[in-house]
Amino acid sequence: MSHGRFQNPFQATLTGLRDLFGRQQLADRLTDDLRVDGRTCLVTGASSGLGLAIATELARRGGRVRMVSRSRIPAAGEAVRRATGSTEVEQLRADLSDLRQVHGLADELRDRGETIDVLVDNAGVATPRARRTAQGLDAMFVTNMLSKVLLAHRLLRDGTIPNATFAGNARPGEPKPRMLYVSSDSHRGASAIDWEELGTYYDYGVNKGIHNYSYFKLVLNTFAVELSRRLACGGEVDVAVHVMCPGPVDSEIARDAPPGLALFMKAMFKVFFRKPEVAAGPAVYMSVAPGYGERTGEYLHMWNPKRMDEKCYDAEEGVRLWEHTEGLLREHGAWSWGE
Ligand SMILES: NC(=O)c1ccc[n+]([C@@H]2O[C@H](COP(=O)([O-])OP(=O)(O)OC[C@H]3O[C@@H](n4cnc5c(N)ncnc54)[C@H](OP(=O)(O)O)[C@@H]3O)[C@@H](O)[C@H]2O)c1
């Protein structure tokens, strides 16, 4: 059984409220001179909430922005273009809960010859009950975790994110590419990875769904730390990998909750939680601030640098997760590489 800081939707909302009143160490660091002119930024989950706000701010700072989502095409892209005056904004359609569509997205980027300088893998859902994907996996597990593993493998092995480790196409003298995972501080205290259960489909209801949300973020963070180790294995950063939690955001994240609960959460979010444009600040900062290209494996909870839950740094668990996710992708026909 997985546990995190969140045990039910009410506690999740209250924990979010508590986070709002803490100290925000780096809040004044995101200055207007931090720009990503001409650099290509791929933002998943960019049709609403935090991802839309991140995409908008990266476009405002000169980025060529590629927005991934299932819906609001072309509306979300037009909104970004309108808000920023940028013409370098495109939308890509992919349902990231379907592993074939993750491959489709990576194929499209590779075939166009895109080079991704900044990946913000932000897409996420909080499903109140189990939902089966096209491959028979749990939709929240795939959207919030396994799709990110597959996308990372594809972008790195294809060299779409230039790197020496997997593709041998690093660009000496250029700023290091970076990969940022939008997670949640709710991962803190989630129980250790259950290797028997991870990736198996089973039914669950609202409370277990809340547990799983936190738990899959713990699993995601463990993957991100392992990826950061593999992308800096000679001691020098090849590609920087970071994790962040935006804190409580007034977004669409509770859209799948049962109607009464969704109404309650929407009202609480509206009144108390931060607007996406404000909550996006730390993710934008990690995407553009020069230091985060030179260092790797860091975590920001809102504007505060912290360590993640210690379990995320366990190197043996990291290796085991790397192999376990490869096995899952293989089992579901989504692994395109040899042994
Ligand atoms: N809201 C919070 O308080 C909070 C707190 C901590 C962390 N977070 C994290 O922040 C991230 C963004 O969430 P949000 O709060 O901004 O929620 P949101 O408004 O619901 O946005 C979620 C985004 O993910 C996309 N998405 C969901 N399922 C997808 C799928 N199968 N394929 C492709 N895209 C998919 C959605 O686009 P489409 O529906 O168009 O596909 C949407 O753009 C998530 O990772 C979440 O866990 C949120």
Side-chain angles (χ1 to χ4, degrees), residues 4-6 9 12-20 42-56 67-77 79-80 91-102 104-105 120-127 131-135 137-148 150-151 180-188 209-210 212-221 224 243-257 262 265-266 268-270 272-280 282-283 299-302:
R5 288 203 306 162
F6 299 173
T13 308
L14 287 176
T15 304
L17 283 176
R18 260 203 313 274
D19 286 342
L20 280 177
L42 182 71
V43 183
T44 71
S47 61
S48 68
L50 193 75
L52 177 60
I54 293 169
T56 305
M67 304 164 61
V68 180
S69 66
R70 296 165 300 182
S71 70
R72 297 201 64 219
I73 300 173
V80 176
Q91 285 185 275
L92 300 160
R93 190 185 299 276
D95 179 346
L96 299 171
S97 72
D98 180 347
L99 297 172
R100 273 175 316 215
Q101 294 195 35
V102 179
L105 170 66
V120 184
D121 208 342
N122 157 79
V125 285
T127 51
R131 224 173 33 220
R132 237 183 246 280
T133 69
Q135 285 79 36
L137 289 154
D138 175 61
M140 182 157 61
F141 172 62
V142 179
T143 308
N144 294 12
M145 201 277 151
L146 195 62
S147 69
K148 298 176 193 302
L150 179 56
L151 189 61
L180 175 61
Y181 291 97
V182 176
S183 183
S184 165
D185 210 56
S186 70
H187 80 278
R188 210 170 282 291
I210 294 278
N212 282 352
Y213 175 82
S214 308
Y215 173 62
F216 295 149
K217 293 293 191 186
L218 175 105
V219 181
L220 172 65
N221 296 359
V243 178
M244 65 83 61
C245 167
V249 192
D250 176 17
S251 73
E252 304 294 320
I253 193 85
R255 64 175 111 174
D256 292 329
M265 292 180 83
K266 219 172 170 42
M268 292 293 283
F269 283 17
K270 194 133 257 55
F272 296 111
F273 283 18
R274 295 182 313 159
K275 297 289 159 236
E277 306 77 58
V278 177
Y299 176 58
L300 274 189
H301 174 207
M302 302 170 78

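The chain is numbered in sequence order, starting from 1. Order of appearance sets the numbers: ligands from 1, and atoms from 1 within every ligand.
The heavy atom nearest to atom 8 (N) of ligand 1, out of those in F273, F216, Y213, Y181, is found in Y213. For the residues E252, R255, M67, M140, the heavy atom positioned nearest atom 36 (C) of ligand 1 is part of R255. Across the listed options S183, A283, A254, C245, S183 owns the non-hydrogen atom lying nearest to atom 7 (C) of ligand 1. Nearest-residue assignment for atom 38 (P) of ligand 1 (options S47, G45, G247, S147; heavy-atom criterion): S47. Between atom 22 (C) of ligand 1 and the options G124, S184, G49, the minimum heavy-atom separation is to G124.
Residue-ligand proximity, D95 to ligand 1, at heavy-atom distances under 4.0 Å covers atoms 30 (C), 31 (N), 32 (N). Near A46, the atoms of ligand 1 lying under 4.0 angstrom from a non-hydrogen atom of the residue are 43 (O). For ligand 1 and P248, the ligand atoms under 4.0 Å from any heavy atom of the residue are 3 (O). Those atoms of ligand 1 that come under 4.0 Å of a heavy atom in V125, given as number and element, are 27 (C), 28 (N). Distances below 4.0 Å separate heavy atoms of V182 from the following atoms of ligand 1: 9 (C), 10 (O), 11 (C), 45 (O). Interface of P246 with ligand 1, defined as ligand atoms under 4.0 Å from a residue heavy atom, comprises 6 (C), 7 (C), 8 (N). Within the listing of ligand 1, atoms 31 (N) sit less than 4.0 angstrom from a heavy atom of S97. Remark: ligand 1 atoms within the under-4.0 Å shell around heavy atoms of A123 are 24 (O), 45 (O).
Using a 4.5 Å heavy-atom cutoff, the side chains of V102 and S147 are in contact. T56 has its side chain out of reach of E277: every pair of non-hydrogen atoms, C-beta onward, lies at least 4.5 Å apart. In this structure the side chain of L52 reaches within 4.5 angstrom of the side chain of M67, judged on heavy atoms. In this structure the side chain of L137 reaches within 4.5 angstrom of the side chain of L99, judged on heavy atoms.
In terms of protein heavy atoms, atom 13 (O) of ligand 1 is closest to I253 CD1, 3.9 Å. At the shortest separation from atom 16 (O) of ligand 1 among protein heavy atoms lies L50 N, 2.8 Å. Protein heavy atom in closest approach to atom 40 (O) of ligand 1: S71 OG, 2.5 Å. Summary of contacts: the protein heavy atom closest to atom 15 (O) of ligand 1 is S251 OG, 2.5 Å. Nearest protein neighbour of atom 45 (O) of ligand 1, counting heavy atoms only, is N122 O, 2.7 Å. When only non-hydrogen protein atoms are considered, atom 33 (C) of ligand 1 lies nearest to A94 O, 3.2 Å. When only non-hydrogen protein atoms are considered, atom 39 (O) of ligand 1 lies nearest to R70 NH2, 2.8 Å. For atom 2 (C) of ligand 1, the nearest protein heavy atom (residue, atom name, distance) is V249 N, 3.6 Å.
In this structure Y299 satisfies the ring pair (Phe, Tyr, Trp, His ring centres under 6.0 Å) test together with H187, sequence neighbours excluded. K217 pairs by the salt bridge (Lys or Arg N to Asp or Glu O under 4.0 Å) definition with nothing, not counting sequence neighbours.
Within the 4.0 Å heavy-atom cutoff, K217 counts among the residues contacting ligand 1.
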Dump the intermediate steps for side chain to side chain contact (heavy atoms under 4.5 Å, CB included) on S97 and R131, then the final yes or no.
CA-CA 10 Å; S97 72; R131 224 173 33 220; over 6 Å; no
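A donor atom on one side chain and an acceptor atom on the other are not found under 3.5 Å apart for D256 and T127.
When heavy-atom distances to ligand 1 are checked against a 4.0 Å cut-off, P276 has no atom that comes that close, whether in backbone or side chain.
Annotation for N144 and L220: closest pair O-CD2, 3.8 Å, computed over non-hydrogen atoms.
Of the polar atoms of S48, at least one N or O is found under 3.5 Å from an N or O of ligand 1, judged by distance alone. For L96, a nitrogen or oxygen atom sits less than 3.5 Å from a nitrogen or oxygen atom of ligand 1, counting backbone and side chain alike.
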